[in-house]
Amino acid sequence: MRVYNFSAGPANLPLEVLEKAQKELVDYGQAGMSVMEMSHRSADFKEIMEDAKALLRKLMNIPDNYKILFLQGGASLQFAMVPLNLKKNGKADFINTGAWSKKAIKESKKVLDVNVIASSEDKTFSYIPEIDETKLQKDADFLHITQNNTIYGTRYTQLPDTGSVPVVADMSSCILSEEFDVTKYGIIYAGAQKNVGPAGVTIVIIREDLIGNAAESVPTMLNYETHSEADSMFNTPPTFAIYIAKLVFEWLDKNGGVKAMQKVNEEKAKMLYDYIDSSKMFSNPVTPKDRSMMNVTFVTGNEDLDAKFVKEAKAQGLCNLKGHRSVGGMRASIYNAMPKAGVEKLIAFMKEFEANN
Ligand SMILES: *Cc1c(COP(=O)(O)O)cnc(C)c1O
């Protein structure tokens with residue numbers, strides 16, 4: 001029996017997508033073989049790749065002067081590829097909103113001078129810091145933000161005005177969850193395993209003028225130009241992961257696209273936060289305006305009770321509600337594939353748990 005899986009990542013996929021993949025698993029279309037067994041240069045796979053790109057372009061309204069790359073190495077490799085490819089003046093601005101920002105900062109520091117212009121570390125990353133725009137360096141090579149903070153459950157709802165400095169956003173846990181204006185960004189990157197598909201493929205959406213500026217010393221595989229010129233086929237791409245991502249894009253498109261998904265996500269998040277705010281047992285530490293729609297954190301204030309909650313929830317088919325190991329408590333990741341019924345069942349269980357404890 002399938003459970004409601006609240007894992008932060010790899011995360012749940014739409015059942016419809018899994019069933020379609022199952023149906024096509026051993027014999028894709030007329031190919032007589034699985035997508036896993038196909039040459040990435042075959043006509044069948046090329047079509048999958050082109051469809052995936054076209055659908056993502058449509059879903060996110062990505063303008064023609066942006067390239068879509070399907071890479072490997074996770075969002076974590078982008079922490080390094082971004083500074084290696086964008087380094088010009090040798091400095092970049094960062095906003096530190098948690099563990100993923102810190103990892104990105106650490107990698108950039110190996111390549112250029114990092115200027116952290118704002119941080120929310122003083123209050124355990126429970127808010128998105130105000131940005132003093134006078135602190136933005138006019139000659140920075142980029143400004144990096146973590147759009148949605150998977151571990152602490154915060155998200156940006158507006159971007160600073162950086163003028164001509166490109167904004168680079170890690171959207172690993174929020175891509176396709178709400179409408180974003182791609183033209184406001186220089187680079188958007190996301191590991192697929194949260195809101196898109198299985199682990200193994202990383203989406204990079206990059207403005208064309210940011211490609212082709214890497215130093216000669218940058219390894220071929222780490223140069224965006226390599227992958228852009230080869231249409232993400234410089235070497236063998238993660239074919240099966242791209243295929244599943246394509247099925248997810250089709251599912252999204254069929255269900256009204258990102259706009260419709262955003263509406264459902266807003267409803268799901270509101271239901272859960274409203275209940276938490278009304279509860280005497282559970283609380284969420286995040287400043288309301290900065291609350292993530294994707295990752296909802298909560299605590300009882302008592303570690304033993306938290307553990308009991310996670311255990312009893314699991315017995316009810318509400319799985320992976322334990323918070324990140326660095327922060328404890330609980331976290332419900334309610335990505336696109338989590339149906340409203342899953343959130344309703346979670347809330348019903350929380351009410352019952354509160355009444356019984
Ligand atoms: C999960 C996550 C990462 C790490 O992604 P990998 O694909 O495992 O490298 C980076 N940033 C954010 C915001 C994440 O949620």
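Heavy-atom basis, side chains included; hydrogens, waters and symmetry copies ignored. Just follow the structure's listing: the first ligand is 1, and inside any ligand the first atom is 1.
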Query raised in the report: How does Phe79 reach ligand 1, by side chain, by backbone, by both or by neither, if only non-hydrogen atoms under 4.0 Å count?
Result: side chain
Query raised in the report: Is Lys103 touching ligand 1 with its side chain, its backbone, both, or neither, if touching means heavy atoms under 4.0 Å apart?
Result: neither
Query raised in the report: Do the two ring centres, one from His40 and one from Phe45, sit under 6.0 Å apart?
Result: no
Query raised in the report: What is the ring orientation for Tyr28 with Tyr243, classed by angle as parallel under 30°, tilted 30 to 60°, or perpendicular over 60°?
Result: perpendicular
Report task. Please work out whether the ring planes of Trp100 and Phe79 are parallel, tilted or perpendicular, with thresholds of 30° and 60°. Result -> tilted
**Report entry** Polar contact flag, side-chain donor to acceptor under 3.5 angstrom, Thr146-Asp170
**Finding:** no
Going by the order shown, which atoms of ligand 1 are within less than 4.0 Å of some heavy atom of [X]?
X: Asn148; result: 13 (C)
X: Thr146; result: 13 (C)
X: Gly74; result: 7 (O), 9 (O)

Query raised in the report: Should Lys246 and Glu250 be marked as a salt bridge (charged side-chain N to carboxylate O under 4.0 Å, His left out) after you check the CA-CA gap, both sets of side-chain angles, and the distance that decides it?
Result: CA-CA 6 Å; Lys246 189 207 80 156; Glu250 282 174 351; 3.2 Å; yes
Nearest-contact summary for [atom] - protein heavy atom, Å:
atom: atom 11 (N) of ligand 1; result: Asp170 OD2, 2.6 Å
atom: atom 15 (O) of ligand 1; result: Thr150 OG1, 2.4 Å
atom: atom 5 (O) of ligand 1; result: Ala75 CB, 3.5 Å
atom: atom 8 (O) of ligand 1; result: Gln193 NE2, 3.3 Å
atom: atom 2 (C) of ligand 1; result: Lys194 NZ, 2.4 Å
atom: atom 9 (O) of ligand 1; result: Ser76 OG, 2.6 Å

**Report entry** Within 6.0 angstrom of Asp274 CG, more than 12 heavy atoms from elsewhere
**Finding:** yes
Query raised in the report: Under 4.0 Å between a Lys/Arg side-chain N and an Asp/Glu carboxylate O for Glu267 and Lys340?
Result: yes
Query - Option from Leu143, Ile206, Leu210, Val82 for which side chain to side chain contact (heavy atoms under 4.5 Å, CB included) with Pro166 holds - result: Leu210
